[in-house]
Amino acid sequence: MNRYLTNNWVNKSLLLATAIATVLSFTQCTPKQTATVSSVPNTTPQADQSKGLKDYFKDDFYMGVAVSSRSIRTDSALIIKEFNSVTAENDMKVGVIHPAENRYNWKNADDIVAFAERHHIHIRGHNLLWHKQGADWMFVGPDGKPASKELVLQRLRDHIHTVVGRYKGKMYVWDVVNEAIDDSQDPNVMYRENSPWWTTFKSPEFIEAAFRYAHEADPNAKLYYNEFNSERPVKREKIFALLKKLKADHVPIDGVGFQAHWTIGRPDADQIRKALDEVISLGLDVQFTELDMTVHENPVEVVPGKTPVDPGFTPDVEAKQIARYKMVFDIFRQYKKHIKAVTFWNVSDRGSWLDSRGGGSAGDPIPNPPVFIKAYPLLFDINNQRKKAYWAVVNN
Ligand code: XIL
């Protein structure tokens with residue numbers, strides 16, 4: 001037996017059989033194996049360091065970033081090198097730009113527009129109607145009581161005409177209405193009802209009106225409806241119903257912004273594709289308007305009085321983030337015909353809006369009292385350097 005086993009020929013046969021079995025096992029699950037192998041992210045930095053995101057994606061879509069009047073100074077080199085589209089993170093929101101009926105704060109918004117024009121960067125307008133960072137004065141009548149629908153409509157029209165009119169021809173797109181759909185899992189509640197807009201109108205009339213006013217003010221700007229958690233099945237169907245209604249009513253809407261405040265664990269590829277397919281089926285374009293990907297799949301548990309345990313940017317979450325960034329950009333490229341821009345929400349992990357919300361994503365509960373936990377959600381690290389995830393998305 002021993003002699004038999006040590007026989008060279010038998011050993012070779014065994015090796016051959018093992019090799020055949022291995023090949024067969026690969027062949028049997030070809031689709032899965034192929035998908036896994038080809039989706040291993042290549043994070044090798046490219047040799048040509050002069051290129052930025054906008055260059056790597058020049059045949060696909062604009063690459064954008066949310067900026068403030070501060071970040072266009074502190075991070076200007078990175079912004080100019082990497083991006084060819086900007087969104088004002090806060091400076092064009094109603095409460096900021098139009099804090100009182102007869103007062104506008106143009107300074108910050110003007111600075112952002114001037115910066116973008118100086119560097120040939122496209123500008124997205126954000127936003128004209130939202131239930132947050134709005135202007136309370138719009139909803140108060142002359143007698144101090146809730147303003148009538150007619151008065152609110154007139155103020156909305158004035159606001160939109162003034163702001164859109166000021167930047168007419170300078171914005172390639174406006175987020176006209178932001179987050180008007182209910183975020184709950186209840187399919188029977190379609191619109192966000194805890195909003196002064198809903199309280200005033202109790203119908204989607206204000207949504208349609210906002211689009212019509214924006215179109216009057218700048219007929220060439222593309223007009224978008226912008227929303228978060230847009231890939232979650234229940235909400236996706238509510239958004240789809242709203243879009244169908246807007247189309248049926250001939251409301252001038254051109255596209256849908258998927259905010260894309262995601263995590264390293266969600267949403268999955270099928271959910272993103274399904275949501276894209278629905279929007280596209282209506283003849284609408286898409287932009288990913290506020291992309292980030294927190295490393296906290298579940299919000300960090302916050303116990304009052306105790307410092308929360310934050311494991312930080314570990315190799316494990318880094319690997320998940322790299323894989324997921326590659327996955328979503330693979331989808332973006334597949335759908336590039338319908339995608340005009342992909343915009344990140346903030347410049348680098350040095351400062352994300354999520355950090356001051358306990359590191360959770362949009363829609364996650366915000367710890368109260370507030371807790372600072374870093375989210376590490378972007379393609380540039382805390383030193384503004386390119387992360388491995390950056391190379392995973394540009395190496396196609
Ligand atoms: C956020 C800003 O990033 C924060 O600085 C601000 O405190 C709150 O708003 N959806 C949107 C964005 O449409 O305007 C929000 O921006 C993030 C969620």
Side-chain angles (χ1 to χ4, degrees), residues 64-72 74-75 79 83 85-99 105 108-109 112 123-136 159 163 171 173-183 192 194-195 197 207 210 214 223-232 235 239 242 255-263 267 286-294 296 299 341-378 380:
V65 64
V67 298
S68 62
S69 54
R70 184 167 174 269
S71 73
I72 55 169
T74 53
D75 295 321
I79 295 168
F83 299 100
S85 173
V86 290
T87 308
E89 181 179 4
N90 290 302
D91 290 315
M92 295 184 189
K93 292 172 180 169
V94 182
V96 180
I97 206 167
H98 193 179
N105 268 338
N108 290 356
I112 291 171
I123 317 164
R124 305 186 77 254
H126 175 83
N127 56 56
L128 299 172
L129 187 161
W130 193 23
H131 65 287
K132 287 186 182 158
Q133 292 179 282
D136 294 344
H159 171 77
V163 175
M171 307 281 164
V173 55
W174 270 104
D175 289 331
V176 178
V177 176
N178 203 26
E179 304 181 355
I181 291 291
D182 170 69
D183 191 49
R192 176 183 292 282
N194 60 345
S195 128
W197 294 103
I207 301 177
L223 305 182
Y224 273 57
Y225 175 73
N226 196 45
E227 188 59 86
F228 72 108
N229 285 343
S230 335
E231 315 75 22
R232 294 192 176 174
K235 192 167 184 187
I239 298 171
L242 167 65
V256 177
F258 288 47
Q259 290 185 7
H261 292 296
W262 292 337
T263 80
V286 174
Q287 295 198 15
F288 290 89
T289 52
E290 306 183 14
L291 177 58
D292 53 21
M293 206 181 274
T294 176
H296 304 292
V342 174
T343 297
F344 289 87
W345 209 244
N346 300 124
V347 175
S348 76
D349 290 351
R350 181 175 290 173
S352 154
W353 73 294
L354 301 171
D355 298 344
S356 57
R357 300 163 50 101
S361 194
D364 284 343
I366 306 171
N368 187 15
V371 180
F372 187 92
I373 298 173
K374 287 200 71 65
Y376 304 100
L378 298 162
F380 298 89

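As a basis for the values below, the full set of heavy atoms in this structure was taken, side chains included, without hydrogen atoms, waters or symmetry mates. All ligand and atom numbering here is 1-based and tracks the order in the structure.
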inquiry  = Distance under 4.0 Å to a non-hydrogen atom of Asn178: what atoms of ligand 1 satisfy this?
reply    = 11 (C), 13 (O)
query = Is it the side chain, the backbone, both or neither of Asn90 that has a heavy atom closer than 4.0 Å to ligand 1?
reply = side chain
ask   = Of all residues at least two apart in sequence or in a different chain, which pass the side-chain contact (heavy atoms from CB on, under 4.5 Å) check with Pro367?
value = Val302, Val371
request  = With heavy atoms only and a cut-off of under 4.0 Å, state how Phe228 meets ligand 1: side chain, backbone, both or neither.
outcome  = neither
task = Tell me which protein heavy atom sits closest to atom 12 (C) of ligand 1, plus the residue, atom name and distance to 0.1 Å.
result = Glu290 OE1, 3.4 Å
task = For residues Tyr225 and Ile181, determine if any side-chain heavy atom of one lies less than 4.5 Å from a side-chain heavy atom of the other.
result = yes
task = Distance to 0.1 Å, residue and atom name: give those for the protein heavy atom nearest to atom 3 (O) of ligand 1.
result = Glu89 OE2, 2.4 Å
ask   = Heavy-atom count around Asn194 CG within 6.0 Å, excluding the residue itself: above 12?
value = yes
query = Can an N or O of Trp130 be found at a distance shorter than 3.5 Å from an N or O of ligand 1?
reply = no
query = Under 4.0 Å between a Lys/Arg side-chain N and an Asp/Glu carboxylate O for Arg192 and Asp183?
reply = no
ask   = Given side chains that start at C-beta, do those of Lys93 and Lys132 come closer than 4.5 Å, heavy atoms only?
value = no
query = At what distance is the nearest protein heavy atom to atom 1 (C) of ligand 1, and which residue and atom is it?
reply = Lys93 NZ, 3.6 Å
Side-chain donor-acceptor contact under 3.5 Å, Asn226 with Asn127 = no
query = Atom CG of Asn108 and atom CG of Asn90: how far apart are they, to the nearest 0.5 Å?
reply = 10.0 Å
task = Just let me know how Lys132 lines up against ligand 1, side chain, backbone, both or neither, with a heavy-atom cut-off below 4.0 Å.
result = neither
ask   = Rounded to the nearest 0.5 Å, what separation is found between the CG atom of Asp292 and the OG1 atom of Thr263?
value = 10.5 Å
For atom 8 (C) of ligand 1, the protein heavy atom that lies nearest, with its residue and separation = Gln133 OE1, 3.4 Å
inquiry  = Under 4.0 Å from a heavy atom of His126: which atoms of ligand 1 are those, numbered in the order shown and with their elements?
reply    = 11 (C), 12 (C), 13 (O), 14 (O)
request  = Please identify which atoms of ligand 1 are closer than 4.0 Å to at least one heavy atom of Gln259.
outcome  = 10 (N), 11 (C), 13 (O), 18 (C)
